[in-house]
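Just so you know, these numbers use all the heavy atoms, side chains as well, and skip hydrogens, waters and symmetry mates. The shown structure was predicted, so the numbers you read here are calculated from the model rather than taken from an experiment. Order of the sequence lines fixes the chain letters, A, B, ..., with proteins taken first and strands second; residue numbering starts at 1 for each chain.
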2 protein chains.
Amino acid sequence: MTTIGPAEPAPRRRRGRPGYDQPAILRTAIELFNRRGYDATSMGDLARELGLTKPAIYHHVTSKEQLLGEALADALDELTSVVTEASGERDGVSAYQRLREVVRRSVEVLVAHQPSVTLLLRVRGNSEVELAALERRRWLDDRLAALVADAVAEGSLRDNVPPALVSRLLFGMVNSLVEWYRPDGAYDHAVVADAITAIAFDGLARHEAHQV
Amino acid sequence: MTTIGPAEPAPRRRRGRPGYDQPAILRTAIELFNRRGYDATSMGDLARELGLTKPAIYHHVTSKEQLLGEALADALDELTSVVTEASGERDGVSAYQRLREVVRRSVEVLVAHQPSVTLLLRVRGNSEVELAALERRRWLDDRLAALVADAVAEGSLRDNVPPALVSRLLFGMVNSLVEWYRPDGAYDHAVVADAITAIAFDGLARHEAHQV
DNA sequence: CCTACCGATCGGTAGG
DNA sequence: CCTACCGATCGGTAGG
């Protein structure tokens, strides 16, 4: 029913031009979707960027929405791994330590999968694909909020701010890095991860000076 | 050349239907632009939402892009006021205090003008109007980064994270609240402003427990 | 001559 | 992978 599937294990002999495969088209599509926005990007734009005609793209891809779905699945799969692996209860590991680990690993995912995560964070729910992605995102948010609540309950986080609010602000800060982080820029991902965890957990005031 | 302008000071006698004025149409447009995205919102959608025909909208408004420009100007004017007023150097007011004031007043602007600020934060630069808005936004970002640098230089903020990075993360956290804040929701704007300043400046770890 | 619209349709372009 | 198209809808405007 569709030409999409796992990449052929052995590079088969091909007829015609070498051309693009689906992952290559997806990468370019994600880049354009981020640059101009999903709706403002036409399949013609994508064809021009690739040096193909519009119909040629449909040889590799069934729809524009499929490209979006593929991108969102990438981001969601990665974030789901982080949250399930790092937030799961383990003997001798406090909620506080697990939260710090989730923050650090989230930063790594945002850096390594920035284009698809950026798309995920901009989803508005305008189609079935987007609504499904929003549902998975909500599941992640709930797990993160529960982890923050655990850390508050165990006494390691401030309890004068509602945990749900803490969770939103903490991951709001984490997620904001997709707006400006550039892999070839001034900051290594480790520098960013350190800065975020330092600011989030210990604040940005010098401790001698944080009384107003 | 256009019927747009300041509202008539005295409500003159009208013939025909009472109808909408430009500010009312703008409010509805902003709401739709946020719900579905600017590009995904057609003037037909806006007309349907208002109970008008499409041509009727063009009686009040010259173009779809003008509506976007109006919204972005609202957000930018408000944020510019905050940054110029609260970040300006004054005798006896430290950069640290001014930064806290900017954060607090920014939260108030985000809450009071959430719809237009949300649009501003999603601009991609797809048109002249959007490019001009991005330029003004960059000006704001530069002023904020300078204020953070001043606070670091005066010794009140941690100096082990680059000031430019601190600025991005701090206002990334502030800006993230447009993604979830609801004026009729659980949190008063003062609660949110307190939570953000507390977390940002003093961190979310309890001070007895913030050593890992 | 005005404000406040309507029914119909313009030239182009969208995804497919 | 192209030329040649489709059904529909886009933002915007005509006359009345």
Side-chain angles (χ1 to χ4, degrees), chain A residues 1-4 12-26 28-30 32-33 35-71 124 126-130, chain B residues 1-26 28-30 32-33 36-71 124 126-130:
Chain A
M1 219 48 64
T2 165
T3 56
I4 314 306
R12 294 190 307 165
R13 208 176 318 168
R14 289 162 185 273
R15 270 183 283 178
R17 302 201 199 166
Y20 296 91
D21 55 354
Q22 206 254 7
I25 290 176
L26 178 59
T28 305
I30 291 175
L32 279 184
F33 291 166
R35 212 153 68 200
R36 305 202 246 262
Y38 176 74
D39 289 297
T41 304
S42 73
M43 292 300 269
D45 295 333
L46 178 57
R48 195 180 325 111
E49 186 81 14
L50 290 164
L52 297 179
T53 60
K54 216 168 23 155
I57 292 176
Y58 284 96
H59 177 72
H60 301 284
V61 155
T62 66
S63 71
K64 187 187 179 189
E65 206 174 345
Q66 184 218 344
L67 286 167
L68 179 62
E70 220 89 48
R124 306 304 307 151
N126 287 335
S127 62
E128 286 303 317
V129 164
E130 295 194 2
Chain B
M1 220 49 63
T2 165
T3 56
I4 313 305
E8 262 82 28
R12 295 190 305 164
R13 207 176 317 166
R14 290 161 185 272
R15 268 183 285 178
R17 303 201 198 170
Y20 296 92
D21 54 354
Q22 206 254 6
I25 290 177
L26 178 58
T28 305
I30 292 175
L32 278 185
F33 291 165
R36 305 202 246 261
Y38 176 74
D39 288 296
T41 304
S42 73
M43 292 301 269
D45 295 334
L46 178 57
R48 195 180 322 111
E49 187 80 13
L50 289 164
L52 298 179
T53 60
K54 215 167 26 151
I57 292 177
Y58 284 96
H59 178 75
H60 301 282
V61 155
T62 66
S63 69
K64 187 186 176 189
E65 205 173 346
Q66 183 217 345
L67 287 166
L68 180 61
E70 220 90 47
R124 307 305 308 150
N126 288 335
S127 63
E128 286 304 317
V129 165
E130 295 194 2

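- Listed candidates were C/dG15, D/dC1, D/dG12. Nearest to the side chain of A/Ala56 is D/dC1.
- Taking the P atom of each, C/dA4 and D/dG16 are spaced 22 Å apart, rounded to whole Å.
- Distances shorter than 4.0 Å separate none of the side-chain N or O atoms of B/Tyr58 from OP1 or OP2 on D/dT13.
- When only modelled atom types and interatomic distance are considered, A/Glu49 and A/Thr28 share no side-chain donor-acceptor pair under 3.5 Å.
- Spacing between C/dA8 and D/dG12 at atom P, rounded to whole Å, works out to 22 Å.
- Look at CG on B/Leu52: it is 16 Å from C1' on D/dG12, rounded to the nearest Å.
- With rounding to whole Å, B/Asp39 atom CG is found 12 Å from D/dG11 atom C1'.
- One atom, CD1 of A/Ile25, and another, C1' of C/dG15, lie 16 Å apart when rounded to the nearest Å.
- With distances taken from any side-chain atom of A/Met43 to the nucleotides D/dG12, C/dG15, D/dC10, the minimum falls on C/dG15.
- Taking all atoms of both residues into account, the shortest heavy-atom contact from A/Gly69 to A/Val129 is CA-CG1, 3.6 Å.
- Taken from NZ in B/Lys54 to CZ in B/Arg48, the straight-line distance is 11.0 Å, to the nearest 0.5 Å.
- The shortest non-hydrogen separation linking A/Thr53 to A/Ala47 is C-CB, 3.6 Å.
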Which atoms of nucleotides 4-6 of chain D (N or O only) lie under 3.5 Å from a protein N or O atom, and what are those distances?
none

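- If you measure from atom NZ of B/Lys64 to atom P of D/dT9, you get 15 Å, rounded to the nearest angstrom.
- Between the CG atom of B/Leu67 and the C1' atom of D/dG12 there is a distance of 13 Å, given to the nearest Å.
- Rounded to whole angstrom, the span from the CG atom of A/Asp45 across to the P atom of C/dG16 amounts to 14 Å.
- The CD1 atom of A/Ile57 sits 10 Å away from the P atom of C/dG15 (whole-angstrom rounding).
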Let me have DNA chain D in dot-bracket notation, would you? Count Watson-Crick plus G-U wobble pairs, both distances under 3.5 Å, and use [ ] for pairs crossing earlier ones and | for inter-strand partners. ....||.|..|.|.|.
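- Here the straight-line distance linking atom CG of B/Leu26 with atom CD of B/Gln66 works out to 8.5 Å at 0.5 Å rounding.
- Nearest nucleotide to the side chain of A/His59, out of D/dG11, D/dC1, C/dG16: D/dC1.
- Within the model, atoms CD of A/Glu70 and CD1 of A/Ile25 stand 11.5 Å from one another, a figure rounded to the nearest 0.5 Å.
- Between atom CG of residue A/Asp45 and atom CZ of residue A/Arg36 there is a gap of 4.5 Å, rounded to the nearest 0.5 Å.
- In this structure, the CG atom of B/Leu46 is 12 Å from the P atom of D/dC10, given to the nearest Å.
- Taking the C1' atoms as reference points, C/dC10 lies 12 Å from D/dC10, given to the whole Å.
- C/dT9 sits 13 Å from D/dG11 when the C1' atoms are compared, rounded to a whole Å.
- When each of B/Leu46, B/Leu32, B/Ile30 is tested with B/Leu67 by the rule side-chain contact (heavy atoms from CB on, under 4.5 Å), just one qualifies, namely B/Leu46.
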Side chain to side chain contact (heavy atoms under 4.5 Å, CB included) assessment of A/Arg124 paired with A/Tyr38: CA-CA 11 Å; A/Arg124 306 304 307 151; A/Tyr38 176 74; over 6 Å; no
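- Here CD of B/Glu130 is found 5.0 Å from CG of B/Asn126. Values are rounded to the nearest 0.5 Å.
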